[in-house]
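Structure first, commentary second.
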Amino acid sequence: MEALAEWVAKRSFSKTIILTDNNTARFCLPVLSQGLKIRFHHITIASGENSKSIDNATYIWNQLLEAEADRNALLINLGGGMIIDLGGFCAATYKRGISFINIPTTLLAMVDAAIGGKTAVNIGHYKNQVGLFAEADKVFINPVYLQTLPERELVAGYAEVLKYGLISDKGLWDKLKATPPQTITEWKEIINTCVSIKKEIVKADPKENGFRKILNFGHTIGHAIESYSLEAGNKPVLHGEAVAIGMIAEAWLSFEKSGLETPELEEITTALQSILTIKWPKKPDYDQLYDYMLKDKKNKDREVRFVLLMNIGDPEFDIYCSYEEICRALDYYFSL
Ligand SMILES: NC(=O)c1ccc[n+]([C@@H]2O[C@H](COP(=O)([O-])OP(=O)(O)OC[C@H]3O[C@@H](n4cnc5c(N)ncnc54)[C@H](O)[C@@H]3O)[C@@H](O)[C@H]2O)c1
């Protein structure tokens, strides 16, 4: 907290605006404002993935105007990946770009969303269709915020932690694959490892022309599942949960197409299943899921491309899989 206060004090921002959702306003803003000790404007929106919309972006831009924020203003995004994606998008476009910092408050945002400069809003239920690359001026990670995070959110974020092991660090995978996140009391080292992996990948390919795609392991099917479930309403699957399901199905594709061996497929399935706390009540409509996959940004020529694993820690990307192969991968997950 001191580092943040010092960082802000050293710069002469004309105004500081803090963006939260209703939960981070309640649980995280009191912690932050205690340490920050400066005057700020507060903008808050409803929590949940449906809030990552152009309507809310317009609301935030209007609020910035009303607060008379000029080009020297600072926006602080205090929240999970939803606030960070939306707030980054608004800051990067308002008056052609103002300074913003990310203070992630979920595990998922600490290890992933807050790092790497991707900002976006959804179009309807299609994920991240409008956005731009814009690096936050600074990211301040403080695991203290995890103390109020609901367990389901912690578990969902842990799927992304395990993803780093699968795409880049077998040692991390071996260390964490049998460790339930609820039993972890010391997060700093784990978060730092994930952040270093992500930073290194982003540095090698900032605009995702190639290598950065490996971060999307589990996300081609995962995003489709997330969109499908958001459209279905009721109790949507969380992003991290959808990614965990996606990683199991894509591990099966890796076994079919990229030489991943049976014991590794079984190991991945067992580990991810043991951390998943939700099971879909019934099979989704595969055609509709496939339609969502066709909108994935990594595709070429209307062909769905995947990140697959040759071994644990050793991915390849841009791998085409047919509709039939994708259906068999989904069958694998839904038969477990
Ligand atoms: N930009 C990127 O590189 C990137 C990477 C991964 C995911 N994402 C995006 O991130 C989003 C998912 O992020 P998320 O899982 O953090 O979801 P989220 O931001 O919706 O937060 C999850 C829930 O936790 C609540 N919450 C947050 N912090 C809390 C705290 N400390 N205490 C109590 N409640 C708290 C929120 O209000 C919300 O209800 C998706 O939109 C996804 O597309 C972006």
Side-chain angles (χ1 to χ4, degrees), residues 19-32 44-53 56 77-89 92 100 102-123 125-136 139 141-161 163-164 181 187 194-195 197-199 201-202 206-208 212-220 222-227 229-230 235-244 246 296-297:
L19 176 67
T20 63
D21 68 25
N22 51 290
N23 290 323
T24 61
R26 178 168 168 213
F27 296 111
C28 308
L29 189 56
V31 181
L32 175 66
T44 194
I45 58 168
S47 62
E49 184 64 24
N50 283 331
S51 284
K52 210 171 100 177
S53 65
N56 267 331
N77 298 319
L78 178 68
M82 186 279 284
I83 282 293
I84 279 171
D85 279 7
L86 174 66
F89 175 71
F100 69 99
N102 290 335
I103 305 185
T105 61
T106 63
L107 179 59
L108 185 138
M110 289 177 194
V111 299
D112 194 358
I115 317 290
K118 276 190 182 179
T119 75
V121 293
N122 304 329
I123 299 184
H125 298 302
Y126 292 104
K127 296 265 310 169
N128 304 329
Q129 296 295 310
V130 177
L132 66 164
F133 287 96
E135 278 291 349
V139 179
I141 299 177
N142 189 344
V144 74
Y145 294 115
L146 297 180
Q147 285 170 9
T148 54
L149 190 68
E151 185 175 309
R152 186 177 166 200
E153 299 289 348
L154 185 81
V155 171
Y158 199 60
E160 297 276 8
V161 171
K163 180 196 77 181
Y164 287 110
W187 281 101
C194 297
V195 168
I197 295 173
K198 178 148 188 191
K199 279 188 172 166
I201 295 169
V202 170
K207 295 266 168 89
E208 200 172 291
R212 183 172 176 168
K213 291 179 189 173
I214 67 168
L215 288 166
N216 294 310
F217 176 62
H219 285 62
T220 307
H223 272 160
I225 286 178
E226 193 184 356
S227 297
S229 120
L230 280 169
K235 282 190 172 173
V237 181
L238 303 181
H239 176 81
E241 293 170 340
V243 168
D296 192 279
K297 295 181 294 303

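Residues: numbered from 1 along the sequence shown. For ligands, and for the atoms within them, numbers begin at 1 and follow the listed sequence.
Under the 3.5 Å distance criterion, with hydrogens and angles disregarded, no donor-acceptor pair is assigned to the side chains of H125 and E49.
Residue pairs that meet the salt bridge (Lys or Arg N to Asp or Glu O under 4.0 Å) test with at least one member in residues 103-122, sequence neighbours left out, are D112-K163, D112-K198, K118-E208.
Residues passing the ring pair (Phe, Tyr, Trp, His ring centres under 6.0 Å) test with Y145: none are found, sequence neighbours excluded. Q147 pairs by the side-chain contact (heavy atoms from CB on, under 4.5 Å) definition with V144, not counting sequence neighbours.
Using a 30° and 60° split on the angle between ring planes, Y158 and W187 fall in the perpendicular class, above 60°.
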Filter the ligand 1-protein atom pairs down to N or O on both sides and distance under 3.5 Å, then list them.
{"from": "ligand 1", "atom 1": "1 (N)", "to": "D85", "atom 2": "OD1", "distance (Å)": "2.8"}
{"from": "ligand 1", "atom 1": "1 (N)", "to": "K118", "atom 2": "O", "distance (Å)": "3.1"}
{"from": "ligand 1", "atom 1": "3 (O)", "to": "K198", "atom 2": "NZ", "distance (Å)": "3.4"}
{"from": "ligand 1", "atom 1": "13 (O)", "to": "G81", "atom 2": "N", "distance (Å)": "3.1"}
{"from": "ligand 1", "atom 1": "16 (O)", "to": "G81", "atom 2": "N", "distance (Å)": "2.8"}
{"from": "ligand 1", "atom 1": "16 (O)", "to": "T106", "atom 2": "OG1", "distance (Å)": "2.6"}
{"from": "ligand 1", "atom 1": "19 (O)", "to": "G81", "atom 2": "N", "distance (Å)": "3.1"}
{"from": "ligand 1", "atom 1": "19 (O)", "to": "M82", "atom 2": "N", "distance (Å)": "3.0"}
{"from": "ligand 1", "atom 1": "28 (N)", "to": "T105", "atom 2": "O", "distance (Å)": "3.4"}
{"from": "ligand 1", "atom 1": "28 (N)", "to": "T105", "atom 2": "OG1", "distance (Å)": "2.8"}
{"from": "ligand 1", "atom 1": "31 (N)", "to": "T105", "atom 2": "O", "distance (Å)": "3.1"}
{"from": "ligand 1", "atom 1": "31 (N)", "to": "Y145", "atom 2": "O", "distance (Å)": "2.9"}
{"from": "ligand 1", "atom 1": "31 (N)", "to": "T148", "atom 2": "OG1", "distance (Å)": "3.4"}
{"from": "ligand 1", "atom 1": "32 (N)", "to": "T148", "atom 2": "O", "distance (Å)": "3.4"}
{"from": "ligand 1", "atom 1": "32 (N)", "to": "T148", "atom 2": "OG1", "distance (Å)": "2.8"}
{"from": "ligand 1", "atom 1": "37 (O)", "to": "D21", "atom 2": "OD1", "distance (Å)": "3.1"}
{"from": "ligand 1", "atom 1": "37 (O)", "to": "D21", "atom 2": "OD2", "distance (Å)": "2.7"}
{"from": "ligand 1", "atom 1": "37 (O)", "to": "N23", "atom 2": "ND2", "distance (Å)": "2.9"}
{"from": "ligand 1", "atom 1": "39 (O)", "to": "N23", "atom 2": "ND2", "distance (Å)": "3.2"}
{"from": "ligand 1", "atom 1": "41 (O)", "to": "E49", "atom 2": "OE1", "distance (Å)": "2.6"}
{"from": "ligand 1", "atom 1": "41 (O)", "to": "E49", "atom 2": "OE2", "distance (Å)": "3.1"}
{"from": "ligand 1", "atom 1": "41 (O)", "to": "K52", "atom 2": "NZ", "distance (Å)": "2.8"}
{"from": "ligand 1", "atom 1": "41 (O)", "to": "K127", "atom 2": "NZ", "distance (Å)": "3.3"}
{"from": "ligand 1", "atom 1": "43 (O)", "to": "K52", "atom 2": "NZ", "distance (Å)": "3.1"}
{"from": "ligand 1", "atom 1": "43 (O)", "to": "K127", "atom 2": "NZ", "distance (Å)": "2.7"}

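The closest side-chain heavy-atom distance from L78 to I83 is not below 4.5 Å.
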